[in-house]
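The structure appears below as structure tokens.
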Amino acid sequence: MPVRPYHHGDLRSALLASAERTLLEKGVAALSLRELARDIGVSHAAPGRHFKDKQALLDALALAGFERMAEWLNAADSPELPLEARLTELARTYVHFAVSNAELLEVMYSRKHDPDISEQLRAAVDATTAHFVRVVSDAQERGEMIPGAPWTIALVIGAAIHGTASFAAQGTLTPEAAVDGTPDLIHHLLNGLRPR
């Protein structure tokens with residue numbers, strides 16, 4: 001494809017879309033601003049208007065991923081449901097997002113704990129965490145869950161859900177088994193493993 005001067009209508013969005021396709025098809029190692037420019041038909045210098053380097057591109061991908069994850073979780077949440085049904089639907093949604101976006105999830109979580117991430121990215125990460133904290137707080141207020149620090153309890157729930165999602169993303173579980181197994185996962189989390 002011939003390179004043409006920069007005049008793309010929404011270059012940033014086009015670069016991010018192309019980067020996600022590259023992630024899906026070839027993995028993070030194949031990401032290159034120069035290759036992305038070639039893919040969308042702009043000069044090799046044009047991406048520099050939006051991303052100073054590959055790390056800036058990865059940060060933008062992570063931000064887009066966390067924002068999309070938050071949208072999925074918000075759409076799946078039904079606060080009026082009993083706790084087990086509510087958490088099951090959220091867990092199923094999280095796992096489905098993870099297996100549908102495994103390469104993106106890897107980028108998202110590789111950036112999540114970096115102390116140098118932007119405030120915008122930190123806020124997007126916090127928004128996904130806050131969702132589960134809110135579920136715990138709601139359940140505690142209704143007497144459906146033990147008292148305790150909501151963030152700590154949400155961390156236990158999140159670790160179990162993310163662990164299942166990671167198993168699916170790495171191939172230990174099939175995506176179908178991971179998604180279909182979320183009701184049992186949530187049931188065991190909420191009820192424990194001791195015989196009753």
Side-chain angles (χ1 to χ4, degrees), residues 16-32 54-55 57-78 81 83-115 117 121-122 124-136 139 145 150-196:
L16 287 173
S18 182
E20 279 202 50
R21 280 192 303 276
T22 300
L23 267 179
L24 180 63
E25 295 167 8
K26 303 175 187 173
V28 71
L31 281 177
S32 153
K54 183 176 175 178
Q55 190 58 63
L57 174 67
L58 292 174
D59 285 350
L61 284 169
L63 174 62
F66 278 111
E67 289 174 344
R68 192 176 323 138
M69 179 189 286
E71 289 171 9
W72 283 39
L73 292 171
N74 287 334
D77 194 12
S78 298
L81 288 177
L83 175 61
E84 189 163 337
R86 184 181 184 191
L87 262 179
T88 297
E89 192 53 39
L90 287 170
R92 187 179 281 129
T93 299
Y94 183 97
V95 172
H96 180 66
F97 177 91
V99 299
S100 300
N101 300 279
E103 295 80 7
L104 179 60
L105 193 75
E106 185 178 326
V107 169
M108 291 163 59
Y109 280 87
S110 71
R111 297 301 299 141
K112 178 180 176 182
H113 299 293
D114 190 317
I117 63 173
L121 181 52
R122 187 169 313 287
V125 170
D126 291 347
T128 58
T129 305
H131 205 95
F132 287 96
V133 173
R134 187 169 53 252
V135 171
V136 170
M145 192 176 283
W151 192 91
T152 303
I153 295 170
L155 181 63
V156 171
I157 294 167
I161 295 168
H162 184 71
T164 298
S166 293
F167 284 157
Q170 297 165 1
T172 305
L173 290 172
T174 66
E176 297 79 20
V179 172
D180 293 345
T182 56
D184 285 342
L185 171 70
I186 296 303
H187 181 78
H188 290 314
L189 273 173
L190 294 177
N191 296 291
L193 297 173
R194 289 185 181 173
R196 283 173 291 284

If you define the side chain from C-beta out and look only at heavy atoms, does anything of [X] sit under 4.5 Å from [Y]?
| X | Y | answer |
| --- | --- | --- |
| W151 | F132 | no |
| H96 | P175 | no |
| D59 | D114 | no |

More than 12 heavy atoms of other groups within 6.0 Å of F167 CZ: no
H162, NE2: over 12 other non-hydrogen atoms inside 6.0 angstrom: yes
Minimum heavy-atom separation for [X] to [Y], with atom names?
| X | Y | answer |
| --- | --- | --- |
| A62 | L121 | C-CD1, 3.9 Å |
| V99 | A169 | CG1-N, 4.5 Å |
| T93 | A76 | OG1-CB, 3.1 Å |
| G65 | L104 | CA-CD2, 3.8 Å |
| L63 | A124 | CD1-CB, 3.6 Å |
| V125 | F66 | CG2-CE1, 3.6 Å |

When the side chains of residues 20-31 are checked against the rest of the protein, which donor-acceptor pairs come out under 3.5 Å, sequence neighbours left out?
residue : atom : partner : partner atom : Å
E20     : OE1  : R68     : NH1          : 3.4
E20     : OE1  : R68     : NH2          : 3.4
E20     : OE2  : R68     : NH2          : 2.5
T22     : OG1  : S18     : O            : 3.0

Candidate list I157, I161, L190, test side-chain contact (heavy atoms from CB on, under 4.5 Å), partner L185, passing option: I161
Output the distance between atom [atom1] ([X]) and atom [atom2] ([Y]), rounded to the nearest 0.5 Å.
| X | Y | atom1 | atom2 | value |
| --- | --- | --- | --- | --- |
| I153 | L155 | CD1 | CG | 10.5 Å |
| E71 | F97 | CD | CZ | 9.5 Å |
| R134 | T129 | CZ | OG1 | 11.5 Å |
| L105 | K112 | CG | NZ | 9.5 Å |
| R86 | I186 | CZ | CD1 | 12.0 Å |
| L61 | E103 | CG | CD | 12.0 Å |

Look only at the side chain of [X] and the backbone of [Y], and say whether a donor-acceptor pair between them is shorter than 3.5 Å.
| X | Y | answer |
| --- | --- | --- |
| D77 | L73 | no |
| S78 | L81 | no |
| S110 | V107 | yes |
| T164 | A160 | yes |

